[in-house]
Amino acid sequence: MKYIKQFCIIILVSFLGEALYVLLPLPIPASVYGLVLMLLALTTGILKLSQVKETAVFLVEIMPVMFIPAGVGLMDSWGILRPICIPVFIITAATTVIVMAVTGRVTQHVIRREKGKK
């Protein structure tokens with residue numbers, strides 16, 4: 001019963017994210033709205049981590065299984081993807097390096113800022 005309650009809380013937050021997506025005319029995915037709402041609920045104390053932790057851990061553990069249909073879909077669409085395979089690989093590699101570099105720089109900035117406060 002505990003897992004069902006926790007799952008319902010997570011689904012409710014996801015639904016609120018979907019509602020925000022419909023109401024706000026911004027190009028932000030509904031899942032991002034849901035994640036921000038969950039973050040706000042946890043940081044403000046509206047939700048306690050213990051109210052969603054076990055189910056969240058379970059969902060993270062089964063996440064790789066959720067990528068199987070997407071992988072099968074890519075294999076099924078290989079005929080369409082084959083001509084654009086090289087540009088997609090180049091773009092994927094370039095954006096991965098950019099994201100890693102930006103993330104590293106932001107992390108370094110935050111660490112230096114925290115050290116400066118102490």
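Remember, it's a predicted structure, so these values are computed and weren't measured experimentally. Throughout, residue positions are numbered sequentially from 1 according to the sequence presented.
- Connection of I9 to F15 is not established within any shared hydrophobic cluster, with ILVMFWY side chains joined at heavy-atom distances below 4.5 Å, either directly or through further cluster members.
- Evaluation of the side-chain hydrogen bond (donor to acceptor under 3.5 Å, both in side chains) test over residues 66-95, restricted to residues two or more places apart or in two chains, returns none.
- Within the structure, salt bridge (charged side-chain N to carboxylate O under 4.0 Å, His left out) pairs that include any residue of residues 26-54 comprise K2-E54 (at least two apart or interchain).
- Within the model, atoms CG of L47 and CG of L40 stand 11.0 Å from one another, a figure rounded to the nearest 0.5 Å.
- Residues V13 and L37 approach most closely at CG1-CB, 4.0 Å, considering heavy atoms.
- No continuous path of hydrophobic side-chain contacts links L20 to I46 [ILVMFWY only; heavy atoms under 4.5 Å].
- Criterion: ILVMFWY side-chain heavy atoms under 4.5 Å apart, direct or through other members. Under it, V88 and L81 are part of a common hydrophobic cluster.
- For I11, the side-chain contact (heavy atoms from CB on, under 4.5 Å) partners at least two apart in sequence or on another chain are F7.
- When hydrophobic side chains of Ile, Leu, Val, Met, Phe, Trp and Tyr are connected at separations under 4.5 Å, M1 ends up as a singleton with no cluster partners.
- For residues 9-37, there are no side-chain hydrogen bond (donor to acceptor under 3.5 Å, both in side chains) pairs, not counting sequence neighbours.
- Both L24 and V32 are assigned to one and the same hydrophobic cluster, defined by single-linkage of ILVMFWY side chains at heavy-atom distances under 4.5 Å.
- Under a hydrophobic-cluster definition in which Ile, Leu, Val, Met, Phe, Trp and Tyr are linked whenever side-chain heavy atoms come within less than 4.5 Å, directly or via other members, L12 and L35 are assigned to different clusters.
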What pairs of donor and acceptor atoms, side-chain ones from residues 97-109 against any protein atom, are under 3.5 angstrom apart with sequence neighbours left out?
residue, atom, partner, partner atom, Å
T103, OG1, V99, O, 2.7
T107, OG1, T103, O, 2.7

Next item on the list: Start with the C-alpha distance between L59 and I10, add both sets of side-chain angles, then the distance that settles side chain to side chain contact (heavy atoms under 4.5 Å, CB included), and finish with yes or no.
Entry: CA-CA 10 Å; L59 290 173; I10 293 171; 4.2 Å; yes

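- Listed by chain and residue number, C8 satisfy the side-chain contact (heavy atoms from CB on, under 4.5 Å) test with I4 (two or more places apart in sequence, or in another chain).
- Under a cut-off of 6.0 angstrom, the local environment of CD1 in I80 is sparse, with at most 12 non-hydrogen atoms contributed by other residues, nucleotides or ligands.
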